[in-house]
Amino acid sequence: MALQTWNSKDYEQNARFVTDLGMGVMDLLAPQPGEHILDLGCGDGVLTKKLADLVCSIVGADASPDFIQSAKNLGLDGRLMNGEALSFTEEFDAVFSNAALHWMKQKEKVSEGVYRALKPGGRFVAEMGGKGNIETFEKACRAALAKRGLLEKIPEPNYYPTAEEYGDLLTKQGFKVEYINFFERPTPLPKDAKAWLHTFRKSYVEELDPADVPLFLEEVQEAVRPKLCDARGHWTADYVRLRFKAIK
Ligand code: BEZ
């Protein structure tokens with residue numbers, strides 16, 4: 001089974017909107033000068049750098065070697081680390097995460113690691129996909145995989161909780177949930193559905209016979225077109241967000 005992998009160049013072209021749309025959750029974080037903050041799932045570090053520029057000390061953690069190299073190239077303290085096995089103890093004033101937690105399916109291990117990483121009174125502020133996120137894409141992908149007999153072999157790489165589910169997880173961990181909001185955020189894409197799939201569903205594409213990839217992409221793109229593409233050819237994906245702030 002192929003795991004999702006990331007390529008910084010491809011990310012720059014097809015996914016910069018993820019960073020740009022991270023400003024809302026950054027406002028909720030409200031980083032203060034002198035604070036020590038962990039950016040969990042820091043990606044290529046572009047949003048992490050914005051935090052660092054707000055005069056706080058930042059560590060960026062990500063499981064992708066390519067992303068960590070990009071973060072280091074930006075002068076950041078990037079650590080190659082799985083978010084399901086964080087190794088910090090009472091170090092941080094805050095743990096921040098944008099568009100990353102839905103890739104970490106062992107959610108209990110994540111909340112445990114974040115809780116341990118925070119100083120007492122520290123905050124966990126994050127935004128992730130919520131229930132129903134990119135449902136149109138996912139349904140079309142699953143149908144195309146089923147047609148090829150690959151449904152069992154290729155599991156969905158993400159999980160998208162409701163506010164209740166994630167709130168319960170945080171509370172069970174010992175956090176006090178101060179704010180949690182679930183909202184739809186239709187998201188304009190920089191290119192077409194194929195480009196989105198190429199970047200965000202690599203774990204599917206890489207399991208296919210290479211000769212079948214163009215057909216798979218075409219099939220999924222045409223299946224989602226009625227819902228996601230307007231008459232002028234502009235694509236908008238059906239993102240759903242879960243944004244929260246919880247205190248240790
Ligand atoms: C998200 O940010 O919600 C997301 C992006 C790509 C694939 C899955 C989820």
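Excluded from the calculations below are hydrogen atoms, water molecules and symmetry mates; all remaining heavy atoms, backbone and side chain alike, are included. Just so you know, ligand 1 is whichever comes first in the structure, and atom 1 is the first atom listed for that ligand. A quick note: this is a predicted structure, and the numbers were derived from the prediction, not measured.
A cation-pi arrangement, defined by a distance under 6.0 Å to the six-membered ring centre and an angle within 45 degrees of its axis, is absent between Lys248 and Phe175.
Residue contact check: Asn158 has heavy atoms under 4.0 Å from atoms 8 (C) of ligand 1. In summary, the atoms of ligand 1 found under 4.0 Å from a heavy atom of Tyr160, numbered by their order in the structure, are 8 (C), 9 (C). For ligand 1, the atoms lying closer than 4.0 Å to a non-hydrogen atom of Ile134 are 8 (C). Counting atoms of ligand 1 from 1 in the listed order, those under 4.0 Å from a heavy atom of Trp196 are 6 (C), 7 (C). Counting atoms of ligand 1 from 1 in the listed order, those under 4.0 Å from a heavy atom of Arg201 are 7 (C).
Distances from ligand 1 to the non-hydrogen atoms of Phe137 include no value under 4.0 Å. In this structure, Arg241 counts as a contact residue of ligand 1, since one of its heavy atoms falls inside 4.0 Å of the ligand.
Below 30°, between 30° and 60°, or above 60°: for Phe244 and Phe124 the angle between ring planes is above 60°, a perpendicular geometry.
Between Glu206 and Arg201 there is no salt bridge, since no side-chain N of the basic residue sits under 4.0 Å from a carboxylate O of the acidic one.
The two atoms that bring Ala61 and Met81 nearest to each other are CB-CB, 4.3 Å, heavy atoms only.
Under the ring pair (Phe, Tyr, Trp, His ring centres under 6.0 Å) criterion, the residue pairs touching residues 129-151 are Phe137-Trp196, with sequence neighbours excluded. Residue pairs meeting the ring pair (Phe, Tyr, Trp, His ring centres under 6.0 Å) criterion with at least one partner in residues 210-230, sequence neighbours excluded, are absent.
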